[in-house]
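Let me begin by presenting the structure, written as structure tokens, before commenting on it.
Small disclaimer: the values here were computed from a predicted structure and weren't measured.
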Amino acid sequence: MATHYKNCPKCGHELPATLPAEAACPACGLYTFKWQQEPSASSLYPDEALNDEPGFSLLTPLSDIDAQSYYGRWISLSLLALWSVPLFLSDYRDGEIGMSFMHNILLPIHEAGHMLFIPLGEFMTILGGSLFQLLLPFGIAVAFILKNRDNFGGALGLWWTSVSLVDLSPYIYDALHPQLILLGGHTGEDGPHDWIYLLGRLGQLQHAQEWGAFAHSLGGLMMLAALSWAGLILLRQTHHKN
């Protein structure tokens, strides 16, 4: 059944009392019956509507999750927490983390970063390896939060970022007295070493060991924060599962 409007729903013009919905507004030309059929903003732009969700915060759980996925997330978080202990306790002074499975994941990302940053010049090309090693997992974390509204996924992305920083700490520490065997089979004294170059350019080479220790400690704090964040989200998820 057609709706009769007292005022135009688009421009607010006062309509004649006898003007039916099928007629056009004399001020703006709107056919009010078409106005009724126009899709809502949320149906036209679902992502934008999602981003305007009221009450969303970094501790908001998924609105709906099945029990299998819920308990699977608890198992995944527990395994990551257990894995975090040997990763953080690895000695950054001798590059012990370089023997870990996680380092084998991060190394190709590091090398890809050098290639991606080539157009930005020598300094950024060399920095790009370490930078991309951090930016890729951090970007994935942001995407989980903004696009999927999945804070748990974001927390795991932050955990990955923290491990990447812990993985970089021996490389930074090694710049003062190079001992690590690099990808080419040599030490920094015999060939290219990212952090000898970077810290040398920044006038910080003499403080390489302090920066390496700082990166290791900061990575550990981020790791703890990420695991705690994920755990809090799952605790809040208890009331939002099938």
Side-chain angles (χ1 to χ4, degrees), residues 36-90 97 99-113 116 130-169 215-242:
Q36 293 173 299
Q37 297 171 0
E38 287 183 357
S40 65
S42 61
S43 63
L44 283 173
Y45 307 104
D47 290 340
E48 286 79 351
L50 185 62
N51 289 338
D52 292 334
E53 178 185 343
F56 182 83
S57 73
L58 292 178
L59 289 178
T60 302
L62 290 175
S63 58
D64 190 24
I65 187 174
D66 60 81
Q68 183 178 0
S69 297
Y70 172 72
Y71 291 113
R73 288 184 168 212
W74 270 118
I75 293 172
S76 299
L77 179 59
S78 300
L79 292 174
L80 288 181
L82 290 173
W83 194 14
S84 297
V85 176
L87 287 174
F88 178 70
L89 292 181
S90 61
I97 198 173
M99 303 299 293
S100 72
F101 174 72
M102 179 57 79
H103 179 74
N104 292 332
I105 295 174
L106 295 171
L107 184 58
I109 299 172
H110 181 102
E111 296 305 318
L116 288 173
S130 299
L131 191 60
F132 191 59
Q133 182 174 331
L134 298 172
L135 288 180
L136 178 63
F138 186 76
I140 291 173
V142 172
F144 265 109
I145 296 169
L146 297 183
K147 299 297 291 183
N148 296 352
R149 293 317 230 198
D150 186 353
N151 284 321
F152 180 81
L156 296 194
L158 181 62
W159 178 87
W160 184 6
T161 307
S162 71
V163 175
S164 295
L165 186 56
V166 169
D167 179 77
L168 281 173
S169 61
H216 184 262
S217 298
L218 180 60
L221 290 174
M222 287 175 59
M223 194 182 298
L224 180 61
L227 294 171
S228 301
W229 178 20
L232 286 173
I233 293 166
L234 287 181
L235 288 175
R236 291 168 63 94
Q237 188 76 67
T238 305
H239 304 295
H240 297 272
K241 69 178 188 299
N242 294 330

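Counting all heavy atoms, side chain and backbone alike, L165 lies closest to G219 at CD2-N, 3.6 Å. Nearest heavy-atom pair, R149 versus L62, reported as atom, atom and distance to 0.1 Å: O-CD2, 3.4 Å. Listed here is the closest heavy atom pair of L87 and V163: CD1-CG1, 4.0 Å. Minimum heavy-atom separation, A141 to L158: CB-N, 3.8 Å.
Listed by first and then second residue, the ring-ring contact (aromatic ring centres under 6.0 Å, His included) pairs that reach into residues 130-152 come to none, sequence neighbours excluded.
The shortest distance between side-chain heavy atoms of E111 and P108 does not fall below 4.5 Å. Residues W159 and W83 meet the side-chain proximity criterion, which asks for heavy atoms closer than 4.5 Å. In this structure, L106 and W160 have side chains that are in contact, with non-hydrogen atoms separated by less than 4.5 Å. Taking 4.5 Å as the limit, every side-chain heavy atom of L234 sits out of range of all side-chain heavy atoms of P61. With contacts defined as side-chain heavy-atom distances shorter than 4.5 Å, the pair L227/L77 qualifies. Here the side chains of I145 and F56 are in contact, with some heavy-atom distance below 4.5 Å.
In this structure, L135 CG and I109 CD1 are separated by 11.5 Å, a value rounded to the nearest 0.5 Å. For the atom pair CZ of F101 and CG of N104, the computed distance is 7.0 Å after rounding to the nearest 0.5 Å. Going from atom CG of L136 over to atom OG1 of T161 covers 8.5 Å, rounded to the nearest 0.5 Å.
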Test log, rule side chain to side chain contact (heavy atoms under 4.5 Å, CB included), inputs T238 and Y70
CA-CA 8 Å; T238 305; Y70 172 72; 3.0 Å; yes
Applying side chain to side chain contact (heavy atoms under 4.5 Å, CB included), run through R73 and S76 and close with a yes or a no.
CA-CA 5 Å; R73 288 184 168 212; S76 299; 5.5 Å; no
Using the rule given for side chain to side chain contact (heavy atoms under 4.5 Å, CB included), can you reason through M102 versus D167, listing the C-alpha separation, both sets of side-chain angles and the distance that settles it, and then say yes or no?
CA-CA 8 Å; M102 179 57 79; D167 179 77; 5.9 Å; no
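Formation of a donor-acceptor pair under 3.5 Å by the S69 side chain with backbone atoms of I65 is not found in this model. Listed for the R236 side chain is no donor-acceptor partner under 3.5 Å among the backbone atoms of T60. The closest donor-acceptor contact from the side chain of Q133 to the backbone of H110 lies at 3.5 Å or more, if one exists at all. Checking side-chain atoms of N151 against main-chain N and O of G154 turns up no donor-acceptor pair under 3.5 Å.
Remark: S169 pairs with Y92, A215, H216 by the side-chain contact (heavy atoms from CB on, under 4.5 Å) rule, at least two apart or across chains.
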